[in-house]
Every structure is written in C-alpha cells, then in structure tokens.
Chemist: 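Please see the structure below; I have some questions.
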Amino acid sequence: MEGPIGVGKTSLVGLLAKRFSGTQILEDVQNPFLSDFYAGKKGSAFQAQIYFLLSRYQQQLEIAQIDLFRHLVVADYTFSKDKLFASLTLTDAEMSLYDRLYGPLSENVPRPDLVVHLTASVDTCLSRIRRRGRAYEKGITSTYLKSLIEAYNYFFYHYTATPLLVIDTNEIDFVQRKDDLEDLVQQLVKPFRGTRIYVPRSVKR
C-alpha cells in the first residue's frame with residue numbers, strides 16, 4: 001500500500017492481512033527525529049530520512065526471509081517511498097549523500113507483486129491525521145501534504161515496475177463499511193498488468 005500521510009494505508013493493511021490470513025508489515029513510525037523535522041529544526045530532515053532509510057531497509061531484509069510463495073505479505077509502504085520523501089525535504093548536498101546509500105540498498109529489497117496507490121485530497125488526509133491524534137504529526141501542514149500528494153501522483157503516473165491499482169479513497173471507508181472492503185477484495189484477486197484505476201461500487205451509485 002502506498003499514498004500520502006493520513007490516506008489510510010495502515011488501516012487497510014490490517015484489514016487485508018486479516019481477510020487473507022497474511023502477514024502485515026508496518027513501517028516503524030517511531031522515528032526520534034520526526035518531531036524536530038515537523039518543527040522545522042535545522043538538520044533534522046536529513047537525520048529523519050537516514051533513520052527511515054535504514055529502518056525500512058532492515059524490514060525489507062526481513063521480508064526477503066519469508067517464503068513469499070507460501071505466505072502473503074501486505075505492507076503499508078514500498079521501499080521507493082523513502083527516496084520520494086527525501087527528494088521533498090533534503091538539500092542538494094544531502095540528497096547527493098543520500099543517493100550513495102539508497103542506490104546499493106535498493107538493489108537488495110524484494111519487489112512487490114502488486115502496488116496499491118491510495119489517493120485522497122489534502123482536506124481528507126488532514127482530517128484523518130487529526131482523528132488518529134499522533135502528537136508528532138501535529139506539525140504537518142496543508143502545504144507539505146499538498147506537495148507530498150503531488151509527488152506521489154507524479155511518481156505513480158510514470159510507474160511501471162509492477163502492476164498498479166489506483167484507488168481514490170475520498171468517498172469510501174474500508175473500516176466502517178464492509179461492502180467497500182469486499183468490493184476492493186474482488187479487485188485484488190483479479191490478475192492484471194499495467195495500471196488499473198479502481199472505482200468503488202459505492203461511488204458508482
């Protein structure tokens with residue numbers, strides 16, 4: 001699952017892991033540098049990004065040890081998201097150093113069979129962020145979220161590495177409405193190539 005902060009990735013991963021008796025992989029959000037980053041402290045963006053990079057890489061190595069032919073793994077992020085975030089927050093000099101780490105590490109991570117890009121408006125994401133009430137996320141601004149959403153949309157517009165399912169989540173609720181979840185499940189079990197835009201049944205009505 002991929003998408004901007006607050007779009008609902010983790011909630012959906014939990015539901016799908018339970019639905020398919022799979023293993024859920026949740027990224028480590030307890031980054032000790034996040035509060036400083038959202039507060040605008042100098043140098044904290046690079047510290048936070050390197051922490052995330054190494055943490056996500058370690059998780060990807062653990063995924064690689066799972067027998068993926070026998071066990072379904074559902075994750076609330078892809079490794080490539082790390083570079084997407086880095087490109088938004090790091091200076092040119094920091095990005096140059098970051099690339100020297102990211103390049104070799106990315107060669108060792110497993111590639112997913114399917115990526116689901118969850119989309120939502122800035123207002124929807126902000127509403128969901130406030131609802132879950134994480135203290136370190138209080139500093140997230142609409143401007144930052146807007147740039148993040150645009151970066152995701154640009155990235156996935158050019159994405160070809162795996163099959164890609166794109167879902168607009170503004171008008172659907174996988175947690176509270178079982179029909180929305182079951183409708184999605186029917187889409188996930190159908191093999192396809194390239195990019196598919198998913199229009200939920202509740203939105204079609």
Chemist: Using a 3.5 Å distance criterion without hydrogens, assess whether the side chain of Asp76 forms a donor-acceptor pair with backbone atoms of Val13.
Modeler: no
Chemist: Any sub-3.5 Å donor-acceptor pair from Ser21's side-chain atoms to Ala17's backbone N or O?
Modeler: no
Chemist: Could you list all the salt bridge (Lys or Arg N to Asp or Glu O under 4.0 Å) pairs where at least one residue sits in residues 7-22, not counting sequence neighbours?
Modeler: Arg19-Glu182
Chemist: Do the ring centers of Phe155 and Tyr152 come within less than 6.0 Å of each other?
Modeler: no
Chemist: Check the surroundings of atom OH in Tyr154: do more than 12 heavy atoms from other residues, nucleotides or ligands lie under 6.0 Å from it?
Modeler: no
Chemist: side-chain contact (heavy atoms from CB on, under 4.5 Å) with Gln47: which residues, sequence neighbours excluded?
Modeler: Phe33, Ser44
Chemist: Show which residues join Tyr98 in its hydrophobic cluster (side-chain heavy-atom contacts under 4.5 Å, direct or indirect), or state none.
Modeler: Phe46, Ile50, Leu53, Leu54, Tyr57, Leu61, Phe79, Leu90, Met95, Leu97, Leu101, Tyr102, Leu105, Val109
Chemist: May I ask you to decide if Tyr77's main-chain N or O and Glu2's side chain share a donor-acceptor pair within less than 3.5 Å?
Modeler: no
Chemist: Can you list the residues that meet the side-chain contact (heavy atoms from CB on, under 4.5 Å) rule with Phe20, with sequence neighbours excluded?
Modeler: Leu16, Leu72, Val185, Val189
Chemist: One pair to check against side-chain hydrogen bond (donor to acceptor under 3.5 Å, both in side chains): Arg128 and Thr169. What are the steps and the verdict?
Modeler: CA-CA 11 Å; Arg128 292 172 182 171; Thr169 69; 3.0 Å; yes
Chemist: Quick one about Ser11 and Arg132 (side-chain donor to acceptor, distance below 3.5 Å, no hydrogens or angles considered), yes or no?
Modeler: no
Chemist: Partners of Tyr51 by ring pair (Phe, Tyr, Trp, His ring centres under 6.0 Å), sequence neighbours excluded?
Modeler: none
Chemist: As an exercise, state the distance from CG of Leu184 to CG of Leu165, rounded to the nearest 0.5 Å.
Modeler: 6.5 Å
Chemist: Which side chain to side chain donor-acceptor pair (under 3.5 Å) pairs, counting each pair once, include a residue from residues 29-39, with sequence neighbours left out?
Modeler: none
Chemist: Can Tyr198 and Asp183 be counted as having a side-chain donor-acceptor contact under 3.5 angstrom?
Modeler: yes
Chemist: State, without any angle test, whether Thr124 and Ser121 hold a side-chain donor-acceptor pair at a distance under 3.5 Å.
Modeler: yes
Chemist: Strictly by modelled atom types, are Ser80 and Thr78 linked by a side-chain donor-acceptor pair under 3.5 Å?
Modeler: yes
Chemist: Are Lys81 and Glu27 ion-paired here, with the side-chain N under 4.0 Å from a carboxylate O?
Modeler: yes
Chemist: Any chance you could measure Glu150, atom CD, to Leu145, atom CG, to the nearest 0.5 Å?
Modeler: 11.0 Å
Chemist: How about Gln59 and Asp28: does a side-chain donor come under 3.5 Å of a side-chain acceptor?
Modeler: no
Chemist: Which distance, rounded to the nearest 0.5 Å, do you find between the CG of Leu164 and the CG of Leu114?
Modeler: 7.5 Å
